[in-house]
Amino acid sequence: MSTFRAALRGVSWALAAQVITGVGQIAYSALTARVFSPFAFGEFTAALSLQGLISLCTAAGMSSFVVKEAHFRRAQLRAINVVLFSVGSLGAAAYWFISPLWLAWLNSPGGIRFVPLLTWATFVSPIASVQWALLRREGNGRADAMVYVSAFIVATGAAAVCAIHFRESWTLALGVAINPIIQILFSRVMRRAIYPDDGGRLSFDWLFFAIRVTGQSLVYFGLGQVPTWSLGASASPATLGEFSRGNTLAQLPAHALGTAMNIGAGPHWRKIETDESRIRGVSDALALGASVSFTCFAALAALSRPLTSLWLGPGWDLAAEFTVWLAIGFAISLATGVLANYLEMAGGLSRVYLIQFANAVGLAFGVLLLLLLHDFRLLLAGFVLSHLLGLVTAVLQVSAALGTRSRQLFKQLVAPLVSAIGVASVAYAVAYFVKVGTGGSTNLSNAAQFCSGAFVAIILVLLTRKWQPAFSILVARGVLKRA
């Protein structure tokens with residue numbers, strides 16, 4: 001099996017897992033949005049943002065090293081486990097003591113009720129991430145997907161049952177606490193590789209690599225959390241809660257597509273040996289990623305209002321407006337992620353830092369406008385600008401790393417962008433006419449708007465597929481046959 005086909009197969013399994021968990025997350029959010037108020041979600045979002053920050057500090061680089069390393073030894077694994085236990089303990093202690101101050105800063109002191117469960121999650125998450133990475137490096141996409149889906153179903157199912165039974169908002173944190181335990185157990189069961197213990201001197205290059213990757217991942221996480229932190233510090237928990245639901249709706253497909261592409265393609269970048277193959281691989285990956293992400297998120301932005309009303313029920317109107325801006329930003333970020341993932345796996349972390357700097361410039365502009373004019377829309381415009389600057393910088397940096405002209409990569413973005421704008425415009429127009437025809441914003445009207453707009457968008461994509469660069473790439477690679 002060729003490297004491209006192996007990567008595509010891995011992406012397919014990972015994407016299937018992400019779709020299943022994404023649908024489950026939407027169902028879980030729909031249920032909990034009808035049990036708990038936007039205020040409770042805002043406090044949970046504030047508490048979770050610190051937990052995610054600390055967990056990223058303790059594990060991100062380790063899992064990247066495990067996936068990318070061509071030759072892995074048992075001595076390295078033992079050393080990594082010792083480090084993980086230590087940093088997990090320190091991270092949990094840091095979360096426990098810092099969280100009251102953090103929640104006060106974000107105007108969410110009531111979020112303290114989530115701290116015990118999230119402290120446990122902070123301790124165990126680093127161990128889970130590396131156990132899962134050890135399974136991922138074996139290249140068994142099906143086993144990887146089974147572990148991911150199983151952990152989600154068990155954790156989210158337990159949280160949903162407890163939410164319905166107890167009607168207490170602390171249950172929102174239960175799934176976060178259970179998920180890593182299931183990942184550890186199932187990853188250990190599914191792993192097949194046995195790593196040699198060949199003795200000799202143990203090099204700690206892995207630790208320095210892990211620190212560098214953690215640094216750049218931390219910057220990415222911080223940039224992604226700037227809107228949350230800015231709204232939390234300047235608005236009420238209810239507004240932050242609405243933002244969290246809009247962010248969930250936009251981020252679920254973004255996380256699904258981004259994770260699928262990185263998990264599927266990441267382990268295979270190291271197998272490409274020639275410069276020509278690298279250029280072609282990156283170019284094809286960018287075209288495929290942009291074709292999927294631009295179209296999906298353009299349609300999401302166009303249909304966000306009826307979809308949000310159906311999903312969350314009454315009382316969540318602001319979440320729909322948040323979703324439009326976030327969908328545009330995430331569409332751009334996924335294309336950037338394809339290029340950044342290649343740079344990370346190729347060891348070009350200094351170039352990744354430049355992408356992050358470009359992201360920071362756009363976000364700083366949005367935060368400044370928020371502070372001056374007190375309009376959250378300006379913050380979200382900065383969010384979109386941030387990802388646009390990041391994509392341009394990523395294209396330039398990858399082109400320089402590969403020794404090719406940036407025009408070749410920019411051209412891969414034009415057709416997906418034009419197609420996405422066309423699909424979104426038609427979907428929005430159809431949904432609007434259906435709304436006028438049904439004469440209201442009832443659940444039935446919202447369902448008719450969304451279903452008709454989505455149906456027309458899908459038909460339009462299918463009718464124009466032969467003019468899409470993604471279709472040509474899959475035909476050229478032998479994945480599809482031209483009719």
Side-chain angles (χ1 to χ4, degrees), residues 4-5 7-9 11-12 14-16 18-20 22-23 26 249-250 252-254 256-258 260-261 264 280 283-308 310-311 323-324 327-335 338 391 408-438 444-483:
F4 180 84
R5 281 181 170 272
L8 188 62
R9 185 175 182 180
V11 168
S12 299
L15 184 58
Q18 293 294 326
V19 168
I20 293 171
V23 171
I26 289 174
L249 184 57
L252 276 174
L257 291 171
M261 289 187 290
R280 185 185 179 195
S283 180
D284 288 356
L286 178 61
L288 289 170
S291 295
V292 175
S293 65
F294 286 5
T295 303
C296 290
F297 285 97
L300 175 60
L303 302 173
S304 62
R305 190 163 295 279
L307 178 58
T308 303
L310 278 174
W311 176 41
T323 301
V324 175
I328 296 171
F330 283 129
I332 301 170
S333 73
L334 280 169
V338 172
L391 177 58
Q408 178 179 346
L409 295 181
F410 278 121
K411 284 175 62 178
Q412 300 290 1
L413 300 172
V414 175
L417 178 60
V418 173
S419 175
I421 293 174
V423 169
S425 299
V426 173
Y428 180 83
V430 169
Y432 176 79
F433 286 121
V434 170
K435 179 180 179 180
V436 172
T438 54
L444 183 61
S445 175
N446 287 324
Q449 292 173 52
F450 174 73
C451 292
S452 59
F455 177 76
V456 171
I458 293 171
I459 294 299
L460 190 58
V461 169
L462 293 176
L463 291 176
T464 60
R465 68 186 185 280
K466 293 184 179 180
W467 292 276
Q468 293 284 349
F471 181 79
S472 301
I473 290 168
L474 294 175
V475 170
R477 293 284 191 169
V479 178
L480 297 177
K481 293 183 178 180
R482 188 179 295 276

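Counting from 1, the numbers follow the sequence of the chain as shown. Fair warning: this is a prediction, and the values are worked out from it, not measured in the lab.
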Quick one: closest heavy-atom pair of Ser452 and Ala448, and the distance? OG-O, 2.7 Å

Does Ile421 form a side-chain contact (heavy atoms from CB on, under 4.5 Å) with Ser425? I'd like the steps, not just the answer. CA-CA 6 Å; Ile421 293 174; Ser425 299; 4.1 Å; yes

Would you sort out whether Thr323 and Leu307 count as a side-chain contact (heavy atoms from CB on, under 4.5 Å), showing the intermediate values? CA-CA 10 Å; Thr323 301; Leu307 178 58; over 6 Å; no

Determine whether a donor-acceptor pair (N or O, by modelled atom type, separation under 3.5 Å) exists between the side chain of Thr308 and the backbone of Arg305. no

Carefully, step by step, assess Leu334 and Val338 under the rule side-chain contact (heavy atoms from CB on, under 4.5 Å). CA-CA 7 Å; Leu334 280 169; Val338 172; over 6 Å; no

For the student: nearest non-hydrogen atoms of Ala302 and Ala424, plus distance: CB-O, 3.5 Å

Mind checking what makes side-chain hydrogen bond (donor to acceptor under 3.5 Å, both in side chains) contact with Ser419, not counting sequence neighbours? Gln468

Between OG on residue Ser445 and CZ on residue Phe450, distance to nearest 0.5 Å: 14.0 Å

Identify the heavy atoms of Gln412 and Leu286 that sit nearest to each other, and give their distance. CB-CD2, 4.4 Å

Working to the nearest 0.5 angstrom, can you tell me the gap between Ile332 CD1 and Leu391 CG? 7.0 Å

Going by the rule ring-ring contact (aromatic ring centres under 6.0 Å, His included), which residues pair with Phe297 if we only count those two or more places apart in sequence or in a different chain? none

Derivation of the side-chain contact (heavy atoms from CB on, under 4.5 Å) call for Phe294 and Leu413: CA-CA 9 Å; Phe294 286 5; Leu413 300 172; 4.3 Å; yes

Ignoring hydrogens and angles, tell me if any N or O in the side chain of Thr438 forms a donor-acceptor pair with the backbone of Lys435 under 3.5 Å. yes

Shortest non-hydrogen contact between Val423 and Ala457, atoms and distance: CG1-CB, 3.6 Å

Pro416 versus Ala287, closest heavy-atom pair with distance: CG-O, 4.4 Å

For the residue pair Ala250 and Leu300, what are the closest heavy atoms and their distance? CA-CD2, 3.9 Å

Hey, what do you get for CZ (Phe433) to CD (Gln449), rounding to the nearest 0.5 Å? 12.5 Å

Do the non-hydrogen side-chain atoms of Ser283 and Leu409 ever get within less than 4.5 Å of each other? yes

